[in-house]
Amino acid sequence: MTATLATAVPPRDTPTRIAAGHRRRSRRRLVRVLALIALLAAVFALSLMVGRTFYGPEEVLRVVLGQQVPGASFTVGELRLPRATLALLSGFAFGVAGVTFQTLLRNPLASPDIIGVTWGASAAGVFGVVVLSLSDTGGSLLALGGALVTALAIHLLASHRGFSGARLVLIGIGVAAMLQSVVSWVLSRASDWDMPAALQWLAGSLNGASWQSIAPLTVAMLVLVPVMLASSRALGTLRLGDDTAAALGVRVPAVRLALLLGAVALLAFATGAAGPVAFVAFMSGPIAARIMGPGASLLLPAGAVGALLVLTADLVGQFAFDTRYPVGVITGALGAPFLILLLARTARKGRTS
């Protein structure tokens, strides 16, 4: 009897060992985040240096600091720096938006480009480009409206007779198919002058990057990203389910609405600036989860992964082939097999559960 009780009572140093294990995990996660940020900074710097003319780190740094460097001031300051900045900001926004959707809906397939929200922004953006000839700011605002309306419609349809994440994914796929038809109809009525610009934007391209086109996305990120990161703990708690999160003090409806609106707005402004860069929102969260391990906050890592994907894909699209390809073509080529792999893994888990 005494031996049984002795084995049932945990040793006195168990809380200390648990705390030590928690600190070790936190340090490992911090190291991984810092490594991601360092890799992201290296790829960003590389994108400023390479091209038809190579400029060394010292020349690039002088241009970034505002000094005049013959040749480099225009090539780096006016062409490469806006392009790399747009890749960084849009990729980060796509990553944060994607992992927010996937976490809230507890489904890796529930990213905004799979369930139709991205296509809502794309349809509105193409309409603005082809029909209304809007400016960059006007196009971003119209894309925001299209994404919000699409997200609201999908949520209302999925909430009929009780909310279901699986139903939302299926409805979102159907809505995405309908919006693709809308995009095709708008393109069919486009003039020869507007068609190339619309098709380039739809492919997801950084070719038109300028400080003017980046401005709306920059303002949106300065406002929204701190709010999203401040809600990362509540987002992590929502993974446990609504009832558990409510029991732990999370105001579930308000937090979910704020996070969804923030994610939709980030997605819309990034789409308005760079176009619907395929699969970045979808891939960033699962990749970040594999890097960080279970239980980690994924907003910042997913944003870094998204930015890294867009920057790397843009470098590959520009210099790895004889023909230069838009960044969305490269991410689409990466994302399609990733989607198939994730579907196969999900089906395998369903058979074994």
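Here the structure is a predicted model, which is why all the values come from computation and not from measurement.
For the pair Thr312 (side chain) and Leu309 (backbone), a donor-acceptor distance under 3.5 Å is absent. A donor-acceptor pair is defined here as one N or O able to donate and one able to accept, closer than 3.5 Å; such a pair exists between the side chain of Thr331 and the backbone of Ala278. Between the side chain of Ser232 and the backbone N or O of Met228 there is no donor-acceptor pair closer than 3.5 Å. Using modelled atom types, one side-chain atom of Arg106 and one backbone atom of Leu238 make a donor-acceptor pair closer than 3.5 Å. Listed for the Ser213 side chain is a donor-acceptor partner under 3.5 Å among the backbone atoms of Ser210.
Within the structure, the salt bridge (charged side-chain N to carboxylate O under 4.0 Å, His left out) test picks out no pair touching residues 212-234 (sequence neighbours left out).
Here the side chains of Leu88 and Leu40 are in contact, with some heavy-atom distance below 4.5 Å. Looking at Leu132 and Phe127, their side chains come closer than 4.5 Å, going by heavy atoms from C-beta outward. For the pair Phe101/Val117, a side-chain contact is recorded, criterion being any heavy-atom separation below 4.5 Å from C-beta on. Here the side chains of Phe74 and Val69 are not in contact, with every heavy-atom distance at 4.5 Å or above. Contact of the Trp119 side chain with the Val183 side chain is registered, since non-hydrogen atoms from C-beta on lie closer than 4.5 Å. Taking the side chain as every heavy atom from C-beta outward, Leu202 and Leu187 approach each other to under 4.5 Å. Counting only heavy atoms from C-beta outward, the side chains of Val280 and Val277 approach each other to under 4.5 Å. Between Met221 and Leu266 there is a side-chain heavy-atom pair separated by less than 4.5 Å.
Placement of Leu257 and Val255 within a single hydrophobic cluster is found when ILVMFWY residues are connected by side-chain heavy-atom separations under 4.5 Å, directly or transitively. Clustering ILVMFWY residues whenever any of their side-chain heavy atoms sit less than 4.5 angstrom apart, transitively, puts Met178 in the very cluster that holds Ile115. Note on Val310: it clusters hydrophobically with Phe319, by side-chain heavy-atom contacts below 4.5 Å among ILVMFWY residues. Cluster annotation: Val131 and Leu199 are assigned to the same hydrophobic cluster (Ile/Leu/Val/Met/Phe/Trp/Tyr, side-chain heavy-atom contacts under 4.5 Å, transitive). Hydrophobic clustering, with ILVMFWY side chains joined whenever heavy atoms are under 4.5 angstrom apart, groups Leu39 together with Met292.
Taking both residues in full, the closest heavy atoms of Leu267 and Pro112 are given as CD2-CB, 3.5 Å, listed atom of the first, atom of the second, then distance. Minimum interatomic distance between Pro326 and Ser205 (heavy atoms only, all atoms of both residues): CB-CB, 4.2 Å. Considering every non-hydrogen atom in both Leu144 and Ala265, the closest pair reads CD1-CA, 3.6 Å.
Remark: Asp113 CG to Thr271 OG1 distance equals 9.0 Å, nearest 0.5 Å. For the atom pair CG of Asn107 and CG of Leu168, the computed distance is 9.0 Å after rounding to the nearest 0.5 Å. Rounding to the nearest 0.5 angstrom, the gap separating the CD1 atom in Ile154 from the CD1 atom in Ile171 is 8.5 Å. One distance of note links CG of Leu206 with CG of Leu86; it measures 5.0 Å at 0.5 Å rounding. For the atom pair CG (Leu311) and OG1 (Thr85), the distance works out to 9.0 Å, reported to the nearest 0.5 Å. In this structure, Leu315 CG and Leu46 CG are separated by 5.5 Å, a value rounded to the nearest 0.5 Å.
Counting heavy-atom neighbours within 6.0 Å of Arg251 CZ, excluding the residue itself, gives a total of 12 or less.
Phe282 and Phe338 have their aromatic ring centers within a separation under 6.0 angstrom.
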Take Thr150 and Val175 through the test side-chain contact (heavy atoms from CB on, under 4.5 Å) and record every step on the way to the result. CA-CA 8 Å; Thr150 304; Val175 169; 3.9 Å; yes
Step by step, would you call Leu104 with Leu260 a side-chain contact (heavy atoms from CB on, under 4.5 Å)? CA-CA 8 Å; Leu104 286 175; Leu260 280 175; 3.6 Å; yes
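Residues Asn207 and Arg83 bring a donor and an acceptor atom of their side chains to less than 3.5 Å of each other.
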Run the side-chain donor-acceptor check on residues 47-65: report pairs under 3.5 Å with partners two or more places apart or on a different chain.
residue	atom	partner	partner atom	Å
Ser47	OG	Phe44	O	2.6
Glu59	OE1	Gly56	N	3.0
Arg62	NE	Gln67	OE1	3.3

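Counting side-chain heavy-atom gaps under 4.5 Å among Ile, Leu, Val, Met, Phe, Trp and Tyr, the cluster of Leu152 also holds Leu156.
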